[in-house]
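Heads up, the thing below is written out as structure tokens.
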Amino acid sequence: MSNDLSAALTAAATALTAASDVTLLAHVNPDADALGSALALGLVLQRLGKDVRVSFGAPASVPETLRDLDVAGLLVPAGEVPAAPEVLVALDTGSVGRLGPLADRVRTAGTVVVLDHHVSNPGFGTVNVVDPAAEATALVVLRLLDELGVELDEPVARCIYAGLVTDTRSFRHASAATHEVAARLLAAGVDAEAVARPLMDSHPFEYLAMLAKVLARASLDRSAAGGMGFVHAVVTLEDAAGLRPEEVESVVDLVRTTAEAEVAAVLKELRPSYWSVSLRAVSRVDVREVAQLLGGGGHRLAAGFTAEGDAAGVVGRLRDALETVARG
Ligand code: 5GP
Ligand code: MN
């Protein structure tokens, strides 16, 4: 860890120790890393005697698979987030815009602590602990908990494990040191299979019919992405009707297995003609650059953006951005 990062970590611990009221925010459409990180830190801060709440800008409901992490009932609807929080902590949030309808709180909060692992994070906080080398924001939070000198119990360790197992694709993108962190979390009592299965491997039966329909329409373009190949699928509102966001989010994990494509994309229709797009690369294309050309962001091998219009138009713009990045 660099000196700058250590200093930032100490500053974050100091700010949180001094606070009496802390609001922790995850990015919109929060995943296990964002919400797990927020809940882990929230649990600890509540035990330290602070008034704590955890929230996110959208959607209105908490993803079903993440509800069990909130053992202390810290989650509140976005509407209950104070207009001017004393201390705001933004987690796994690479830019202010990713807070969605709660983005204005960055301006109104007394102190803003940013805990993140996105290389593109501009450092929008008063205190910024941003470590692009960390495979998950949950690891940044764990370092902060160590800095605070608190004990790691099972509920806290479980929240951290949830972020870690998902962001590392089940530890396939995890360093030796991060595997040692995993060992520490298991030693704290985490049941790895019980945490991971609902998050990554469990869907209602209707999921299979949705997949059959969506995957049958998937399209492969071997010449795209500078000849490295591009595969994409589209999940319309009609395809997703009656299913949870969890089912829709997992489609990309199947599409990305296409051996002929370096880059995979899934267009997810959030409302008519408004799409959230997931991008994945195997190893050679930096999809964060691609997403940034289209107003989004993310990591080298997993990124995303939102777009308006019909699916064909969105795919056309994506293909152009891919060529720009792939051909350097
Ligand atoms: P996913 O495809 O799982 O939704 O997102 C993969 C990664 O891309 C996330 O970890 C996040 O960093 C980034 N990402 C996804 N959607 C957006 C977006 O609309 N804007 C930005 N800036 N980043 C996104
Ligand atoms: Mn993350």
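In listed order, ligands and their atoms are each counted from 1. Numbers here are sequence positions counted from 1.
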Exercise. Hydrophobic side-chain clustering at under 4.5 Å (ILVMFWY, transitive links): who's grouped with Y274? Put none if nobody.
Key: L270

Pair up each side-chain donor or acceptor in residues 183-191 with any protein partner under 3.5 Å, not counting sequence neighbours, and list the distances.
from : atom 1 : to   : atom 2 : distance (Å)
R184 : NH1    : D146 : OD2    : 3.0
R184 : NH2    : D146 : OD1    : 2.8
D191 : OD1    : E193 : N      : 3.4
D191 : OD1    : A194 : N      : 3.2

Exercise. Would you sort out whether E86 and S20 count as a side chain to side chain donor-acceptor pair (under 3.5 Å), showing the intermediate values?
Key: CA-CA 8 Å; E86 179 192 329; S20 60; 2.9 Å; yes

Quiz item: Judged by modelled atom types alone, do D239 and T236 share a side-chain donor-acceptor pair under 3.5 Å?
Solution: yes

Quiz item: Shared ILVMFWY cluster between V214 and V277, side chains joined below 4.5 angstrom?
Solution: no

Quiz prompt | Parallel, tilted or perpendicular: ring planes of H299 versus H118, cut at 30 and 60 degrees | solution = parallel

Self-check item: Atoms named by residue and atom, protein N, O or S, within reach of the Mn ion (ligand 2) (under 2.8 Å)
Solution: D33 OD2, D92 OD1, H117 NE2, D167 OD2

Quiz item: Do T14 and T17 have a side chain donor and acceptor closer than 3.5 Å?
Solution: no

Can you produce the list of protein nitrogen or oxygen atoms under 3.5 Å from a nitrogen or oxygen of ligand 1, alongside each distance?
from     : atom 1 : to   : atom 2 : distance (Å)
ligand 1 : 2 (O)  : S278 : OG     : 2.6
ligand 1 : 2 (O)  : R280 : NH1    : 2.9
ligand 1 : 2 (O)  : R280 : NH2    : 3.2
ligand 1 : 3 (O)  : R280 : NH2    : 3.0
ligand 1 : 8 (O)  : G304 : N      : 3.3
ligand 1 : 12 (O) : H118 : NE2    : 2.6
ligand 1 : 22 (N) : G297 : N      : 3.1
ligand 1 : 23 (N) : G297 : N      : 3.4
ligand 1 : 23 (N) : G297 : O      : 3.3

Quiz item: Counting heavy atoms not belonging to R222, are there more than 12 under 6.0 Å from its CZ?
Solution: no

Quiz item: Does D310 CG have over 12 foreign heavy atoms under 6.0 Å away?
Solution: yes

